[in-house]
Amino acid sequence: MAHLRLLLADPEARRFEGAEGTWFVSGLRTEAIRRLLADAESLRAVADDLAAVTDDAVVIHVSRTANGGTVEAYRSVTSSRPLYYLTGSDGLVVIADHFRNALAQLDVSERRTSREAIADHLLFRSPVAPTTYVESVRQLGRGELLSWNGNSDGWSRDLVDRLAVEAECRPETARDRVDDALSAVLDDGASATTATMFSGGVDSTLLHTYRDDAPAMHVAVESPEFERETGALDEAASLLDVEPDEVTVAETAFLEHLERTVDALGLPPRYNQTVFTDAAFRSLDAGRFVNGHGADALFGLQGLKAARIADWLGPSISMLGPLVDSLPGREPDSVRALRERRAQLQVPASTPHSLAQDLASDIHPDAVGDILDDRTVSERVARRSEYGHRRAELTADTTFGRQVESGHLVDFLADDGVGQWRQLGYARDQRLVAPFRTRRLARCALSVPPERRYVRGFDDVPDLRPKYLLKSLLSSRLPAYPVDSRKGAGSLPIRRYVESGPLATVFEEYPPPSFLHRVARSRHVDSYGPLTWALLTFAVWRDRVRDEPDLGHVLGTENYFVRLPRDPPTPVPGRRTL
């Protein structure tokens with residue numbers, strides 16, 4: 001019978017003994033979870049009750065019986081805490097909360113990347129669960145219960161947790177619900193010393209209004225493109241009377257920062273902001289941070305204004321074509337955007353060129369299809385949509401509503417940005433609190449009908465602002481804050497970095513992936529293209545992590561060796577044995 005190794009890098013993971021075995025819990029509201037589990041015989045027995053006490057959590061249960069034992073793992077539907085499972089090269093069954101630790105259990109010859117993972121990376125910048133970047137490693141999806149029956153191939157997964165809609169409410173009522181939920185989550189997860197990851201934008205500024213006298217942290221990059229963000233940051237900081245600690249990242253050292261990020265993460269970073277998040281984590285003392293990621297996916301992604309207008313104008317947009325063609329000069333950007341949005345609204349939400357997919361991941365299906373094939377692109381887009389749709393109740397009954405609800409919920413439920421930042425935190429002894437990635441905030445958003453959830457539309461006065469619920473709440477809490485002013489995107493000027501900056505030699509140091517044909521290399525490697533970031537991060541990860549034979553564990557990882565039969569366990573040096 002195979003034995004089990006638990007590799008837990010989360011410094012806040014808690015272990016306790018229950019009536020029917022040993023429990024491991026990581027997440028918010030751990031005491032409430034512990035009370036529920038104390039007398040439970042299994043995770044499956046209390047799966048229906050866990051939703052009431054899990055905002056963002058993973059739970060592992062190891063039980064031992066006369067015939068051996070079983071292992072179960074649960075991940076709440078809004079959890080940003082990853083879990084991976086595999087059979088290692090030494091025959092041990094492994095569950096890990098950090099991808100690097102999972103890969104370290106495999107010989108290099110067993111670390112193969114599937115075509116599906118490559119497609120997901122190029123399309124979405126991360127694989128759709130249970131797929132990961134290596135075939136032998138699987139990830140537990142949100143809302144799933146994992147069971148292992150004692151055999152090396154005895155894994156099973158069931159979806160046991162979904163996002164349910166609260167009683168429907170008007171936006172005015174929803175704003176108060178959001179207010180109450182944010183306050184409660186921050187009370188549960190943040191202390192007086194927890195620092196806000198602060199940019200001066202709506203999300204981080206709103207979060208800091210709940211945090212009197214709490215510290216804040218800001219990452220500055222020595223690139224001229226970031227100068228426009230300083231004004232918003234300074235104004236918001238002044239209104240809140242806070243002086244954020246600043247971590248400055250040198251542009252010239254960006255490739256080195258990227259390499260160190262990949263080493264710590266064990267993954268290609270999804271967002272380029274992840275690189276300077278890691279730089280900040282490395283330079284600061286161990287602590288806890290409040291992060292605002294997820295607000296857009298719940299309350300309004302960019303690109304909605306043109307889509308809302310295109311939906312209202314309907315078929316009349318087709319009349320703009322002949323009219324514009326008869327005028328001198330090129331087609332105005334605003335007209336082109338309306339025509340593109342109208343076309344995206346007319347195709348099914350789960351297909352590559354829909355508005356939903358553009359909102360969810362800003363994908364480039366044609367570019368990926370040129371490298372792989374269109375069938376693979378369609379299959380993976382449909383798979384990601386299915387992943388999100390199975391985990392939330394979709395209620396929209398109009399074309400516009402179905403597209404935007406699907407796009408937002410798929411983005412919220414399939415995105416792993418905070419999961420990556422958590423794993424960086426594990427490697428750097430840092431913790432994250434992500435209020436917008438919790439069940440309470442998700443249910444607040446879903447309580448508003450889809451047509452008015454993300455953009456208000458026409459009431460007494462035209463208002464097409466996305467994320468208007470959060471902007472309205474911020475205006476009530478900090479009236480002087482200019483909620484309608486534009487702030488910088490917070491993204492790095494990667495194109496310039498590749499063409500003439502610190503990434504200009506990256507493909508010389510890290511050869512392009514072998515799946516690229518000559519035309520694709522010309523478009524995305526020899527010049528800057530829509531897939532350049534995905535390709536260069538994959539190349540760096542392949543050479544530094546996947547193909548590295550001496551891949552060690554993340555510093556601080558707790559290594560639990562579980563011997564399931566009745567025989568007493570033999571202690572292993574350097575390991576905690578249950």
Side-chain angles (χ1 to χ4, degrees), residues 123-124 171 174 201-203 294-321 323-324 331-366 377-378 381-382 384-385 388-389 392 394-415 436 442 445-446 448-472 483-484 486-487 489 491 530:
L123 286 164
F124 320 121
V202 169
D203 308 332
D296 291 5
L298 287 181
F299 295 102
L301 293 159
Q302 293 299 315
L304 284 178
K305 183 175 181 179
R308 177 78 275 188
I309 295 172
D311 178 60
W312 280 329
L313 291 177
S316 62
I317 290 179
S318 61
M319 299 169 57
L320 293 174
L323 176 62
V324 170
E331 180 181 41
D333 290 344
S334 57
V335 174
R336 185 174 65 256
L338 288 176
R339 294 172 68 176
E340 290 175 352
R341 286 306 195 203
R342 175 65 180 169
Q344 290 175 330
L345 283 165
Q346 296 305 108
V347 298
S350 297
T351 56
H353 295 90
S354 69
L355 173 67
Q357 299 305 320
D358 195 43
L359 292 172
S361 49
D362 189 25
I363 65 173
H364 301 279
D366 294 335
V377 169
S378 295
V381 167
R384 192 171 192 257
S385 297
H389 294 173
L394 277 68
T395 59
D397 56 6
T398 67
T399 297
F400 176 80
R402 284 191 294 270
Q403 291 275 359
V404 299
E405 184 176 43
S406 174
H408 282 78
L409 288 177
V410 169
D411 181 273
F412 181 75
L413 290 163
D415 181 277
F436 294 112
L446 266 62
V448 182
E451 288 279 343
R452 303 189 64 196
R453 186 180 302 161
Y454 311 109
V455 59
R456 176 178 287 147
F458 283 112
D459 289 334
D460 296 330
V461 178
D463 187 349
L464 296 173
R465 296 178 301 169
K467 210 160 57 175
Y468 73 94
L469 278 170
L470 297 188
K471 292 176 180 178
S472 174
V483 293
D484 293 318
R486 291 182 62 85
K487 186 185 79 73
S491 188

Practice task
Compare all side-chain heavy atoms of Arg341 with those of Phe400 and state whether any distance is below 4.5 angstrom.
Solution key: no
Handout entry: Atom of Ala445, atom of Phe299 and distance for their closest heavy-atom approach
Key = CB-CE2, 3.8 Å
Exercise for the section: Would you indicate whether the side-chain heavy atoms of Leu470 and Leu298 approach each other to under 4.5 Å? Expected result: no
Practice task
Check the pair Leu446, Thr395 against side-chain contact (heavy atoms from CB on, under 4.5 Å), reporting the backbone distance first and the verdict last.
Solution key: CA-CA 9 Å; Leu446 266 62; Thr395 59; over 6 Å; no
Problem - Closest non-hydrogen atom pair between Val448 and Pro171, with its separation - result: CG1-CG, 4.3 Å
Practice task
Check whether any side-chain heavy atom of Val455 lies under 4.5 Å from a side-chain heavy atom of Lys305, and answer yes or no.
Solution key: no
Fill in the blank from the handout: In terms of heavy-atom contacts, Ala392 and Leu409 come closest through CB-CD1, 4.0 Å
Handout entry: Minimum-distance pair of heavy atoms, taken over all atoms of Arg342 and Ala310
Key = N-CB, 3.9 Å
Problem - Distance, nearest 0.5 Å, that separates CZ of Arg308 from CG of Leu338 - result: 13.0 Å
Exercise for the section: Find the distance between CG (Asp366) and NE2 (His364) and round it off to the nearest 0.5 Å. Expected result: 10.5 Å
Practice task
Just jot down the ring pair (Phe, Tyr, Trp, His ring centres under 6.0 Å) partners of Tyr454, sequence neighbours excluded, or say none.
Solution key: His408
Handout entry: Test item: side-chain donor near acceptor, Gln357 and Ser385, under 3.5 Å
Key = yes
Problem - Worked verdict on Leu359 versus Val410 for side-chain contact (heavy atoms from CB on, under 4.5 Å) - result: CA-CA 9 Å; Leu359 292 172; Val410 169; over 6 Å; no
Problem - Gln403: partners by side-chain contact (heavy atoms from CB on, under 4.5 Å), with sequence neighbours left out - result: Leu345, Ala349, Ser354, Leu355, Ala356
Exercise for the section: Not counting sequence neighbours, list each pair that qualifies as a salt bridge (charged side-chain N to carboxylate O under 4.0 Å, His left out) and has a residue in residues 404-415. Expected result: Arg270-Asp415, Glu405-Arg453, Asp415-Arg437
Completion exercise
Pro450 and Gly401 have their tightest heavy-atom pair at CB-O, 4.4 Å
Exercise for the section: Please round to the nearest 0.5 Å and tell me the distance separating atom OG1 of Thr399 and atom CD of Gln346. Expected result: 6.5 Å
Exercise for the section: Indicate the atoms forming the closest heavy-atom contact of Ser361 with Phe124, along with that distance. Expected result: OG-CD2, 3.7 Å
